[in-house]
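First the structure, in the form of structure tokens, and then the observations on it.
First the proteins, then the strands, lettered A, B, ... as listed; each starts at 1. Every value quoted in this text rests on a predicted model; they were computed, and no experiment measured them.
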Number of protein chains: 2
Amino acid sequence: MNYSVSEENYIKSIYHLQQQTETVTTNSLANELHTKPASVTDMLKKLQTKKLVEYEKYRGFKLNSTGNKIALNIVRRHRLWEFFLVNKLGFEWDKVHDIAEELEHVSSADLIKRLDSFLNFPQTDPHGDPIPDTNGKIAIIKQQCLTEIAAKKNVVVSSVSNQSPEMLEMLKHYHIAISTTLKVNKHFAFDGSVEIKVSQHASCIISQQVAANIFVHHD
Amino acid sequence: MNYSVSEENYIKSIYHLQQQTETVTTNSLANELHTKPASVTDMLKKLQTKKLVEYEKYRGFKLNSTGNKIALNIVRRHRLWEFFLVNKLGFEWDKVHDIAEELEHVSSADLIKRLDSFLNFPQTDPHGDPIPDTNGKIAIIKQQCLTEIAAKKNVVVSSVSNQSPEMLEMLKHYHIAISTTLKVNKHFAFDGSVEIKVSQHASCIISQQVAANIFVHHD
DNA sequence: ACTTTTTTTTAGATTTGTCTAAATTTTAAT
DNA sequence: ATTAAAATTTAGACAAATCTAAAAAAAAGT
Ligand SMILES: [Mn+2]
Ligand SMILES: [Mn+2]
Ligand SMILES: [Mn+2]
Ligand SMILES: [Mn+2]
């Protein structure tokens, strides 16, 4: 079956919200999509009759397994396009989200298959988020927040949760990017800031706010 | 200003129909877009209030210079994407039109700028049609139909007007593609068929119907 | 010149996705 | 346990894009 751009955006947003909380609320979804709660209720009725969500009035909702599969497919398209935009067209990663938001709705399966192959079957998008495979299987990257890493440990940056231009600017300043290796020197108890050393650069201190947005894995 | 997918499709179709006849009729546009004449009239009123067309009731219509510029920009996007699909993703040229029909509406100017550069500023799309530049300037490729070429002349295939899978199959069989060099041996008066010789292949005869769809230029 | 046919436009509905304002239900607070 | 606040749903309206059926205008035929 084929879904409208609007339906796809709703499905994908429910998916993303479900990563944090099992069941999603009307307000949170309205907020995510920059629409009004009333619109969400309307769309949810539709998604329910199409059997993509479990929904009980006033009780919140979640994707069922069909809905989940569709969501993962949209996420797949979104992230493949983001990868294309950064690695082939040379966009900065803070500029690609909105464009991928449109490209993800182009509905040819063959297109995505070929794009995937053209990009050499990437596993993660430019923000470090895993790209689901054709069957909707998505790698769970076990990662920790920089604030949780013990001192003197070497880690690799795997993803960044805040993907704003301001964050990119900051990360650039610190020479941090996805897959950068860095060492945690010390956590400061006073304000939670963290001293790190990025490859051959002089060690520096990042605020807790920044550290909280950087996710890393060992080795 | 920003236009809806529907508006863009109408604008582009008017542009294409104007290549053949100066002013476009309601029926022909409805036919081109697979809609009903009533829908065309509705949309034309809108395009008129947006000052993109010259339109007099019952009299037909045409794009004004603003409308023309917008059309050329859509055509530019469409053809750049077609080039991408064929030359980067390996699609056959009979499979790309519908996908480009969707991609052309993705509205980032930066995207198209970078795509153009990524593709090395191509001048023509996979069907041999010229790609308008950023300013809406489009090369007029002076070309002739194969039926009009005098015998014993060497020519280069510049475009193909029928872009169906059936035509592609036929052309493949004859080893004809865009920019293929071939020689016209003889025109047969009986049925208008044409004997041609394609590079090192044995000479062959193509029907008038096929010849009429192949456009070539000298040298 | 009149009549018929074709083309185009209007009138009125329909679908999709959205909104505001009011009603309802749930949750939190006293 | 009531009451107040917050969240959610309903009711009703609206814009965009489409359609069908009927009316109007233009073109073609005799
Ligand atoms: Mn989207
Ligand atoms: Mn991403
Ligand atoms: Mn289109
Ligand atoms: Mn083309």
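Distance Y10(A) OH to dT16(C) C1': 11 Å, rounded to the nearest Å. Between the C1' atom of dT18(D) and the CD atom of E7(B) lies a distance of 14 Å, rounded to the nearest Å. The NZ-C1' distance, from K57(B) to dA25(D), rounds to 10 Å in whole Å. Taking atom CD on E56(A) and atom C1' on dT9(D), their separation rounds to 15 Å, with Å as the unit. Summarising the geometry, the separation between CD on Q48(B) and C1' on dT9(C) is reported as 13 Å, rounded to the nearest angstrom. Going from atom CG of D42(A) over to atom P of dG12(D) covers 14 Å, rounded to whole Å. Atom-to-atom, CG of L29(A) to P of dT9(D) comes out at 11 Å; the value is rounded to the nearest Å. If you take CG of L44(A) and P of dT8(D), they are 11 Å apart, rounded to a whole angstrom.
Among the atoms of the strands shown, none is found under 4.0 Å from any heavy atom of F61(A). Looking at heavy-atom distances under 4.0 Å, S6(B) makes contact with sugar-phosphate atoms alone, never a base. Nucleic acid contact for T41(A): base, since at least one base atom lies under 4.0 Å from a heavy atom of the residue.
Side-chain nitrogen and oxygen atoms of Y55(A) include at least one within less than 4.0 Å of the OP1 or OP2 phosphate oxygen of dT9(D). Here S39(A) reaches the OP1 or OP2 of dC19(C): one of its side-chain N or O atoms lies under 4.0 Å away. For the OP1/OP2 pair of dT10(D) and a distance below 4.0 Å, the side-chain nitrogens and oxygens of K45(A) include at least one atom meeting the criterion. An OP1 or OP2 oxygen of dA21(C) is reached within less than 4.0 angstrom by no side-chain nitrogen or oxygen of K36(A).
Among residues at least two apart or in separate chains, there is no ring pair (Phe, Tyr, Trp, His ring centres under 6.0 Å) pair with a member in residues 9-49 of chain B. The list of salt bridge (Lys or Arg N to Asp or Glu O under 4.0 Å) pairs with a residue in residues 58-68 of chain B, not counting sequence neighbours, reads E22(B)-K62(B).
Partner T66(B) forms a side chain to side chain contact (heavy atoms under 4.5 Å, CB included) with one of L63(B), N64(B), N68(B) and no other, that one being N64(B). If you run side chain to side chain donor-acceptor pair (under 3.5 Å) between S159(B) and each of H127(B), H217(B), Q143(B), only Q143(B) comes through. E104(A) pairs in a side chain to side chain donor-acceptor pair (under 3.5 Å) with only one of the listed residues (R79(A), R77(A), R76(A), H78(A)), which is H78(A).
With a 6.0 Å radius and a threshold of 12 heavy atoms from other residues, nucleotides or ligands, E148(A) has its CD atom above the threshold.
Which of dT18(D), dA26(D), dT18(C) sits closest to the side chain of R59(B) comes down to dA26(D).
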Identify all pairs in which a protein N or O lies below 3.5 Å from an N or O of nucleotides 3-7 of chain D, and state each distance.
none

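Nearest-nucleotide mapping onto DNA chain C: of G60(B) and H34(A), the residue sitting toward the 5' end is G60(B).
Using cut-offs of 30° and 60° for the angle between ring planes, the W81(B) and F84(A) rings count as tilted.
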